[in-house]
Protein chains: 4
Amino acid sequence: MKTSEKIVHGSLKLFNEHGERSITTNHIAADLGISPGNLYYHFKNKEDIIQSIFSLYEAKLQDGFQPYVDQQVDVELLVGYFDTMFDILWHFRFMYTNITDILNRDQALLERYLIVQEQALARSSAILANLKKDGLLDIEDNDIRPLADTMRMIACFWIGYKQTHLSTVTIDKAVIYQGLLRVIMLLKAHATMSSLPTFKRLEQHYQQLANS
Amino acid sequence: MKTSEKIVHGSLKLFNEHGERSITTNHIAADLGISPGNLYYHFKNKEDIIQSIFSLYEAKLQDGFQPYVDQQVDVELLVGYFDTMFDILWHFRFMYTNITDILNRDQALLERYLIVQEQALARSSAILANLKKDGLLDIEDNDIRPLADTMRMIACFWIGYKQTHLSTVTIDKAVIYQGLLRVIMLLKAHATMSSLPTFKRLEQHYQQLANS
Amino acid sequence: MKTSEKIVHGSLKLFNEHGERSITTNHIAADLGISPGNLYYHFKNKEDIIQSIFSLYEAKLQDGFQPYVDQQVDVELLVGYFDTMFDILWHFRFMYTNITDILNRDQALLERYLIVQEQALARSSAILANLKKDGLLDIEDNDIRPLADTMRMIACFWIGYKQTHLSTVTIDKAVIYQGLLRVIMLLKAHATMSSLPTFKRLEQHYQQLANS
Amino acid sequence: MKTSEKIVHGSLKLFNEHGERSITTNHIAADLGISPGNLYYHFKNKEDIIQSIFSLYEAKLQDGFQPYVDQQVDVELLVGYFDTMFDILWHFRFMYTNITDILNRDQALLERYLIVQEQALARSSAILANLKKDGLLDIEDNDIRPLADTMRMIACFWIGYKQTHLSTVTIDKAVIYQGLLRVIMLLKAHATMSSLPTFKRLEQHYQQLANS
DNA sequence: AATGAATGAGTGTTCATTCAT
DNA sequence: TATGAATGAACACTCATTCAT
């Protein structure tokens, strides 16, 4: 792994563990066993590192929520989408804790964030529309986008919510899976008679993960 | 007003305007025209000030969401509750932006926060139960607490959500009123035939405030 | 002496001895036996310290070159002016070494510098005009200001000149006195028959100081 | 062009444009499209590069001010000398801004500087002596060297003077030509009746260049 | 109660220089 | 010859906190 990648991943790890605000560039360098100068050889400044982390985030968001085409809809397909959601929430969980702080300090990043969120919402809506077309969801067209938006909102603030409403501060994977279950619950409310078993199996899948 | 109270209110004002993180104890002292030494005469440290602000928050939360007894349910009653919600969101809006950060740094505060939130949830649930009993809500008993929880969740993260999904950062009163409308929408979904007009008038009331 | 004054004078001393560029704010604090935080309690930044030094410079320049009125012109009067010139060159000698560097970094200071230099030139010209009126100088009116300008130029760059054209880098008082003698030479070239002895005595006065 | 030469000329260009102090070795390497390691393969350190630039300066100074022999004195001859002066001031203008700084940091360079300046002064004096012998200057023998010295002093500090007494910082060719005119003025003051037209034509030549 | 000078560890960052390849 | 990653001491500056008065 190249040093610049090690810096990005090391920073991400430390940010997730201790919050972006309390991790200094010297902490990152020390943790990786490199000099602060070397860190600044690879990155202009701390913001630059955060922007690189954000690029990973963007890529994962764009890859993961592509509307399916000509595909049999089954539990595996849905699991794929929710696994992506888990992945993003888990790997970038510091962002869901500190995002306001971070975006407030970097106008350029805020703009990228707004764009990528808008795109993700559009693609999620398209997926829901597909599901409706394939008879899995019983929902009015006008309600598709609001549903996608609410699902996103729950997903986005689940970590922050849990972090403040739990006495143990550390967020583990089980907590994230609980959040997924909440989002699935929203979706299941629009299940059709025929799709209900599929959604129930989906729910069971993550229930198991949330309990382990 | 006593100096210690001036410090609490001055800090709250500055935190709301600029965020807790970027306001130093010296800023607070300078803004009040007192010396930093004096500030530390009245408060052990910055955390101590935040704890005092939190006490105000606690008091307002406890006063404002008392279940009504032997009272005619009308729009005024509901407006009373939602005005309290507005009051809290507006006066302590910095908390809804930086709460994770703040609670992460102070375990004692986190515990107070959990207790007060639990109590607020219990009282909110009791209010909803009252409304059901009085024929304003059509809802199963098991769903009362989850509904109260969801309403709280939306209320809590509305400010953070808006702050990140808007390109303009400043939160004004209208933005808070929009959040209230979202919460009312959740409630209205369980309105009875007879209570629907009441909820609609409630909605109109805040719609006007959100537009002004 | 107040701490802020100690910082200004301590900085001036260190700048004169080692050059402004190689003296850090931590050097200054360490030299005075105070903490870096304390230095920044009294001054916004390094530039702010330099600006305070510059204010001393301005004041001295304005006080020292006031055109005389209703006064007997004798050696003492001229010595007064040249002692001022010595004082400024000696106490602020770092400025004559690093001025380009310093002014390049601070546009506001450059503007103050241009104003104070222009005023000094005007007052010097007025003094020369007085000397002409009193029969000490034989010079055309049009040549008064250019003469003042040339005298200033020699005075200003003498230190830089000596610092580069001498193998010993340290500038001592004798070196400054030599510079004064060069400036006096320019003036003496316009002496009248009757004033020549006065200028010669002036020259002898500084010759003695330059040799000691 | 060999890499080491490219480094010298590239550095000179950047120093002239931005000042020696603000140009780092990494800037130089990046500007030339070579690696910092390669730069340090060719040069021991930054000082070493400056010393090489200084060698170019030395060479130009030695070539350009050779006393003429058995030659007809006309405007062209004088223009040749002053063009050399322009060339040196223009191509090494960063030295006239930062020389004190540079020489203070490098004792060896200071010694070379003193030697080359002394030789230049001697040669300039010889040229003036030639001009006197050929009837172009009316000057006492004792005054020849002081005149040469004053001319040098004006030439040397002209750039620094303009940089500080002008609100616009950029030094262009016209500014240098103005400096040359000041030096010519010093010389013209000692013109003989017969040489005056020659000096006037010399003056006009540079006047045109200063205005374009 | 109040002042305000003082502290000192820490912040993000820079840059001449080194070194394995 | 050349690369470019790596070093580390230094920089200007910050801020929660202390303390003598």
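Protein chains get the first letters and strands the later ones, always in sequence-line order, with residue 1 at the start of each. Hydrogens, waters and symmetry mates are skipped; everything else that's a heavy atom, side chains included, is used. Fair warning: this is a prediction, and the values are worked out from it, not measured in the lab.
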Backbone N/O of C:H91 and side chain of C:N16: donor-acceptor pair under 3.5 Å: yes

Residue pair A:N104 / B:Q163, side-chain donor-acceptor N/O under 3.5 Å: no

Flag side-chain contact, heavy atom, 4.5 Å: B:I7 against B:I34: yes

Spacing of A:K2 atom NZ relative to F:dA5 atom P, expressed in whole Å: 8 Å

Results of ring pair (Phe, Tyr, Trp, His ring centres under 6.0 Å) for A:Y57 - residues two or more places apart only: A:F54, A:F92

Consecutive Watson-Crick or G-U pairs in runs of at least 3, all under 3.5 Å, in which DNA chain F is involved: E:2-21 with F:2-21

Spacing of A:L32 atom CG relative to F:dA6 atom P, expressed in whole Å: 11 Å

Of all pairs that satisfy salt bridge (charged side-chain N to carboxylate O under 4.0 Å, His left out), the ones with a partner from residues 29-52 of chain A, not counting sequence neighbours: A:K13-A:D31, A:E20-A:K46

From C:I53, C:V116, C:I115, residue fulfilling side chain to side chain contact (heavy atoms under 4.5 Å, CB included) relative to C:E58: C:V116

For atom CZ of D:R105 and atom C1' of E:dC15, their distance in whole Å: 13 Å

Shortest non-hydrogen separation from C:T100 to D:T164 and the atoms involved: CA-CG2, 3.9 Å

Atom pair distance, as rounded to whole Å: CG in C:N26 and P in E:dT11: 16 Å

Sugar-phosphate only, base, or nothing, as touched by B:T24 at under 4.0 Å among non-hydrogen atoms: sugar-phosphate

Of residues 8-23 of chain A, the positions that come close to DNA chain F - non-hydrogen atoms, cut-off under 4.0 Å: none

Within residues 35-54 of chain C: residues closer than 4.0 Å to DNA chain F (heavy atoms): C:G37, C:Y40, C:N45, C:K46

Residues in ring pair (Phe, Tyr, Trp, His ring centres under 6.0 Å) contact with C:Y113, at least two apart in sequence or another chain: D:H165

Separation of F:dA5 C1' from A:M1 CE (nearest whole Å): 16 Å

Touch class at under 4.0 angstrom, heavy-atom based, for B:T25 against every strand present: base

Polar contact flag, side-chain donor to acceptor under 3.5 angstrom, A:R112-A:S55: yes

Within-4.5 Å side-chain heavy-atom neighbours: D:F94 and D:I102: yes

Ion pair check, B:D101 and A:R21, cut-off under 4.0 Å: no

